[in-house]
Amino acid sequence: MLDSSRGQVGKHGVASAASEVSDKRLSAADYLPAELTLESLRTAASKCEGCDLYVRATQTVFGSGPAPAALMFIGEAPGEKEDDAGQPFVGPAGKLLDDAFTAAGINRNEVYLTNTVKHFKWEPVGKRRLHAKPNSREISACQPWLLAEIQTVAPKLIVCLGATAAQSLLGHKFRITRQRGQLLALPNGQQVLSTWHPSSILRTPDADARQRMQEELFLDLRAAATFARE
Ligand code: URA
Ligand code: SF4
């Protein structure tokens with residue numbers, strides 16, 4: 001939910017090579033700067049050790065784009081390409097997102113792009129680093145960055161890409177299958193619309209289903225662009 005409560009470190013910690021560093025670092029709140037600007041946030045986030053994910057990632061992938069911005073897009077977590085580049089949505093999911101922006105008449109340089117968690121979470125599979133889903137503790141540990149970005153960017157509309165972003169802001173009862181495309185409001189009045197995550201579209205094996213999801217993504221972004229212009 002949308003609050004700034006700290007993530008709790010469970011007594012079993014996180015089942016990863018990083019578990020030995022977990023206990024004294026509770027959340028990104030410990031790293032927030034006094035002054036909220038994108039620059040000060042980015043600098044502070046680059047040193048964040050608010051959960052264990054920083055240990056195995058190359059760098060913090062903070063949001064990118066201007067503040068203020070009418071539209072803010074929130075993904076799940078950086079992938080391998082983003083981890084290498086230090087920028088959100090520069091890999092395959094970013095390519096599909098770019099196509100959706102083009103179809104919706106959205107200029108990528110005018111919107112703010114970020115993720116629910118700012119470090120790449122992965123598991124080794126052979127020589128590859130395979131994306132792993134952030135858990136609820138990591139999501140709440142990282143939420144102070146996301147809330148500070150929302151405050152600084154002051155978007156007219158937040159677009160959640162996928163259930164992880166939507167559940168972080170709207171709560172765990174949110175279901176992307178039922179509520180995608182709906183305009184919802186947070187308790188503070190902030191407008192939020194959720195749609196398919198581009199990666200979940202790319203992972204869908206059935207071609208017809210994939211096509212339908214892509215059309216829905218494009219449709220939702222067109223609606224978002226219209227809302228942001230009004
Ligand atoms: N998937 C995400 O959720 N975010 C990115 O930045 C890239 C892929
Ligand atoms: Fe900090 Fe978020 Fe990275 Fe965890 S994922 S270390 S809370 S920036």
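As the structure lists them, so they are numbered: ligands from 1, and atoms in each ligand from 1. Here the structure is a predicted model, which is why all the values come from computation and not from measurement.
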Determine whether the side chains of Glu138 and His119 contain a donor N or O and an acceptor N or O closer than 3.5 Å.
no
At less than 2.8 Å, how many protein N/O/S atoms surround atom 2 (Fe) of ligand 2? Leave waters out.
1
Enumerate the salt bridge (Lys or Arg N to Asp or Glu O under 4.0 Å) contacts for residues 148-166, please, sequence neighbours excluded, ordered by first and then second residue.
Lys118-Glu149
I need the atoms of ligand 1 closer than 4.0 Å to a non-hydrogen atom of Glu76, numbered in the order shown.
2 (C), 3 (O)
Any chance you could lay out the side-chain contact (heavy atoms from CB on, under 4.5 Å) test for Thr164 and Ile139, step after step, and finish with the verdict?
CA-CA 8 Å; Thr164 299; Ile139 290 165; 3.7 Å; yes
Has the side chain of Glu82 got a donor or acceptor atom that lies under 3.5 Å from a matching backbone atom of Gly91?
yes
Hey, does Gly79 come in under 3.5 Å of ligand 1, counting only N/O atoms on both sides?
no
Taking ring-ring contact (aromatic ring centres under 6.0 Å, His included) as the definition, give me every residue that meets it alongside Phe101, ordered by chain and number, with sequence neighbours left out.
Phe73
Quick check: does any side chain N or O of Lys121 sit under 3.5 Å from a backbone N or O of Lys133, one acting as donor and the other as acceptor?
yes
Donor-acceptor pair, side chain of Ser40 and main chain of Glu35, under 3.5 angstrom
yes
Just need the protein heavy atom nearest to atom 4 (N) of ligand 1, so name the residue and atom and give the distance.
Asn115 OD1, 2.7 Å
Which ligand 1 atoms does Pro88 reach within 4.0 Å, using its non-hydrogen atoms?
6 (O)
Please identify which atoms of ligand 1 are closer than 4.0 Å to at least one heavy atom of His197.
1 (N), 2 (C), 3 (O)
Gly75 heavy atoms within 4.0 Å reach ligand 1 at atoms 3 (O)
I'd like to know if the side chain of Trp122 reaches the main chain of Gly79, judged simply by a donor and an acceptor atom lying under 3.5 Å from each other, with no hydrogens or angles considered.
no
Less than 3.5 Å apart, which donor and acceptor atoms pair up between the side chains of residues 198-206 and the rest of the protein, not counting sequence neighbours?
residue : atom : partner : partner atom : Å
Ser199  : OG   : His197  : ND1          : 3.4
Ser200  : OG   : His197  : O            : 2.9
Thr204  : OG1  : Ser200  : O            : 2.7
Asp206  : OD2  : Asp208  : N            : 3.3
Asp206  : OD2  : Ala209  : N            : 2.8

What protein heavy atom is closest to atom 2 (C) of ligand 1, reported as residue, atom name and distance in Å?
Ala77 O, 3.0 Å
